[in-house]
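Sequential numbering from 1 along the given sequence is applied to the chain's residues.
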Amino acid sequence: MSERPNTPLLDRIHSPNDLNGLGDSDLSTLADELRAEMIWTVSQTGGHFGAGLGVVELTVALHAVFDTPRDKLIWDVSHQCYPHKILTGRRERMLTIRQKEGLSGFTKRSESPFDPFGAAHSSTSISAALGFAVARDLGGDCDTGHGDAIAVIGDGAMSGGMAFEAMNNAGHLGKRLIVILNDNEMSIAPPTGAMSSYLSRLYAGAPFQEFKAAAKGAVSLLPPPFQEGARRAKEILKSATVGGTMFEELGFSYVGPIDGHDMDSLLSVLRTVKTRADGPILIHAITQKGKGYAEHKPDRGHATAKFDIATGKQKKAPSNAPSYTKVFAQSLIAEATDDPKVVAVTAAMPDGTGLDLFAERFPSRCFDVGIAEQHAVTFCAGMAAGGLKPFAAIYSTFLQRGYDQVVHDVAIQRLPVRFAIDRAGLVGADGCTHAGSYDIGYLTNLPGFVVMAAADEAELRHMVRTALEIEDRPSAFRFPRGEGVGVDMPDRGTALEIGRGRMIAEGSRVALLSFGARLKEVQDAAEALSQRGISPTIADARFAKPLDEELILQLARHHEALITVEEGAVGGFGSHVAQLLAENGIFDTGLRYRSMVLPDIFIDQASPRDMYAVAGMNAEDIEAKVLETLGVEMLSQRA
């Protein structure tokens, strides 16, 4: 284990109040110690890394200049908040971050008064900060009082439409509001689009800054091609980018760009803004994601497992089976090799969705649209209407952000967009903000949608092929995070019959109908039940819509009890099964029906198994549900 760094100045900091009285040079030293502490901490725990390293100086400067928590400091996404947590009284709990009963990896209102607004999705900070500013001016009640409202948003998050909606409204209202654009040219993947290009052009704006003396050194941070471009483009840019014209047109005063790692620059600008600002103002700070350790890594150390500081080697358990994400990517590549109309779209998550592999093979057919799920969905709808075969690879939690477009632009028009929904179910360390709990419910209630869930990695391969062949309506297939279960894999997927499940095991008395990746837990539960003389029938539904009505009614009519199991909230697969049973009068005959779903709570971060224990959906929980339903006493020791 690496030794904890020596941090004598940081050791004296227990809250932002302890920054009072420190000189500017002390604050620079504190930033160095804070960066070393963060590197050591994440090496022990794993977690989000690069974003926090990029805002160390900014975090120190903000807490030194402003009076938090009276002044509301709101971090967009908030995966960069580890330095903030260390400075706000949570240093001794940092080794619990993203673990069961530990600190959240994001800001969380219930965790600390220094977290005025929780986040984990992007592009929300300016809206929230404007809300605080209005609450301040209209006498809203707040336990910590009201002062300035400060939003820190990255250039990747700025591509989200919600950020511009908020800026437009803020400019109209004219409230005192401070937005800091943390411009590191990186979100999770390199940002794409016109906004990124615009910000790159603004790097040449050093001669036009409002605070020239405070903003020294910004251009020197840039790669040599940008430095040369800055010199050559000076006259061309002068008319277009003086003072950040685009932001000023939205009603914001613009300051920048400034060097986000120069403490003197940051302190000078922040103090001036605090003193002078009388309306909305945007401070454009250039930073390096991963600064001081991971700035040369491809993802700048976005997220990491535990690692050795000296070598950077991550401490990951060996894989026993391919990940679902990789199986999806390989399956899609295989289909796209034979079909030139297959295209793929991701919203700033090429690595997380496996589409980085697809992009290597088919660069002209893979589109990263940035943090813009609404656009991603309608973009796919347009391509489908134009005769292409789009796959939208989006995490369940992020697809929620484009739901209106799923309804109006895809479902109503019956366009064959294929949604590859990664991170279905409970995901572990990212906690409730990233849980894929709701997509079964919010998709199965849409007319015409085909909704599938993969029970294992081989089924996922078949579902990729199935979705490709559905050309008259939208479809979705969901799969969890992590490794598959180790089944034999077909070389290519085979299209499934729409709306047909499969029998896994014939038994008696009770039928277990699984939808999705809890099938392995169902089988383990059945094995334990066999020791009690109970042999359940097991079926894999495969489809939540359309339902396999024949299979479900057969199970209901030939068993005392029917239990559905799904990795989703109430209102999903089990509810649709109950509706079918009710309409066919099955409950009139005395069937005992139960539906195992995620509980009506938000489940905090832990290991996936611990989270499913809270949800009551592990094998032992399924076993107990069977015994309870059949009226068999659950003994502490198995018979």
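- Annotation for D339: atom CG counts as buried by contact number, over 12 foreign heavy atoms lying within 6.0 Å.
- Between the side chain of S159 and the main chain of G370, no donor-acceptor pair closer than 3.5 Å is present.
- Between E483 and K520 there is no salt bridge, since none of the side-chain N atoms of the basic residue sits less than 4.0 Å from a carboxylate O of the acidic one.
- Between V377 and L399, some side-chain heavy-atom pair lies under the 4.5 Å cut-off.
- In this structure, F367 and F379 have perpendicular ring planes: the angle between them is above 60°, well past the 30° mark.
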Residue pair T378, D409: steps toward the side chain to side chain donor-acceptor pair (under 3.5 Å) verdict:
CA-CA 6 Å; T378 305; D409 300 333; 2.6 Å; yes
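- Although no hydrogens or angles enter the test, the distance criterion places no donor-acceptor pair under 3.5 Å between the side chain of E566 and the main chain of V597.
- In terms of modelled atom types and a separation under 3.5 Å, the side chain of R592 and the main chain of T629 share a donor-acceptor contact.
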Run the side chain to side chain donor-acceptor pair (under 3.5 Å) test on S396 and R423 for me, step by step, so that the C-alpha distance in whole Å, both residues' side-chain angles and the decisive distance to 0.1 Å come before the verdict.
CA-CA 6 Å; S396 173; R423 272 47 171 196; over 6 Å; no
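- Among all heavy-atom pairs drawn from A467 and S475, the shortest one is CB-OG, 3.7 Å.
- Around CZ of F587, the count of heavy atoms belonging to other residues, nucleotides or ligands within 6.0 Å exceeds 12.
- Two rings, from F358 and F362, have their centers less than 6.0 Å apart.
- The backbone N or O of I470 sits less than 3.5 Å from a side-chain atom of R418, completing a donor-acceptor pair.
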After noting the C-alpha distance and the side-chain angles of R478 and E459, does the key distance pass the salt bridge (Lys or Arg N to Asp or Glu O under 4.0 Å) rule?
CA-CA 11 Å; R478 71 191 316 256; E459 284 289 291; over 6 Å; no
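- Contact check for E623 versus R532: side-chain heavy atoms found under the 4.5 Å cut-off.
- Few gaps surround CD on E560; more than 12 heavy atoms of other groups in view lie less than 6.0 Å from it.
- If you look at H434 and Y395, their ring centroids are not closer than 6.0 Å.
- Panel note: side chain Y593, backbone A561; no donor-acceptor pair is recorded below 3.5 Å.
- Two residues are said to be in side-chain contact when any heavy atoms from C-beta on lie closer than 4.5 Å; Y324 and R481 fail this criterion.
- Paired with L581 under the rule side chain to side chain contact (heavy atoms under 4.5 Å, CB included), one option of T589, D588, L562 passes, and it is L562.
- Across all their heavy atoms, P322 and E457 have their closest contact at CD-OE2, 4.4 Å.
- Here the side chains of M452 and T466 are in contact, with some heavy-atom distance below 4.5 Å.
- Between D548 and R542, none of the side-chain N atoms (NZ, or NE/NH1/NH2) sits under 4.0 Å from a carboxylate O, so this pair counts as no salt bridge.
- The closest side-chain heavy-atom distance from F419 to D439 is not below 4.5 Å.
- Remark: the backbone N or O of T494 is paired with a side-chain donor or acceptor of H462 at under 3.5 angstrom.
- One finds a salt bridge joining D338 and R492 here, because a Lys/Arg side-chain nitrogen approaches an Asp/Glu carboxylate oxygen to under 4.0 Å.
- Using a cutoff of 4.0 Å between basic side-chain nitrogens and carboxylate oxygens, R465 and E469 are scored as salt-bridged.
- Under a 3.5 Å cut-off, the side chain of N584 and the backbone N or O of L580 do form a donor-acceptor pair.
- Ring geometry for F477 against F328 counts as tilted: the plane angle lies between 30° and 60°, on a 0 to 90° scale.
- Considering only heavy atoms from C-beta on, I371 comes within 4.5 Å of R401 through its side chain.
- No donor-acceptor contact under 3.5 angstrom links the side chains of D540 and S514, judged on distance only.
- Looking only at atom types and distance, the side chain of R594 has no donor-acceptor partner in the side chain of T564 under 3.5 Å away.
- In this structure, M463 and L496 have side chains that are in contact, with non-hydrogen atoms separated by less than 4.5 Å.
- Salt-bridge check for R518 with D456: failed, with every basic side-chain N at 4.0 Å or more from each acidic carboxylate O.
- In this model, a donor atom of one side chain and an acceptor atom of the other lie less than 3.5 Å apart for T397 and H121.
- The pair K389-E471 counts as a salt bridge, with a side-chain nitrogen and a carboxylate oxygen less than 4.0 angstrom apart.
- Between the Q605 side chain and the A429 main chain, no donor and acceptor come within less than 3.5 Å of each other.
- The two atoms that bring A381 and L415 nearest to each other are O-CD1, 3.5 Å, heavy atoms only.
- Put simply, the side chain of D76 gets close to the backbone of S123: a donor and an acceptor are under 3.5 Å apart.
- Within the 4.5 Å cutoff, no side-chain heavy atoms of F543 are placed close to those of V451.
- Heavy-atom minimum distance, K545 versus L446: NZ-O, 3.1 Å.
- Checked against a 6.0 Å centroid threshold, the rings of F49 and H79 do not count as neighbours.
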In sequence, state the C-alpha distance, the side-chain angles, and the governing distance for D356 and R361, and then conclude on salt bridge (Lys or Arg N to Asp or Glu O under 4.0 Å).
CA-CA 9 Å; D356 56 332; R361 185 72 179 274; over 6 Å; no
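- A donor-acceptor pair is defined here as one N or O able to donate and one able to accept, closer than 3.5 Å; no such pair exists between the side chain of E165 and the backbone of A163.
- Residue D488 qualifies as open at atom CG: its count of foreign heavy atoms under 6.0 Å is 12 or below.
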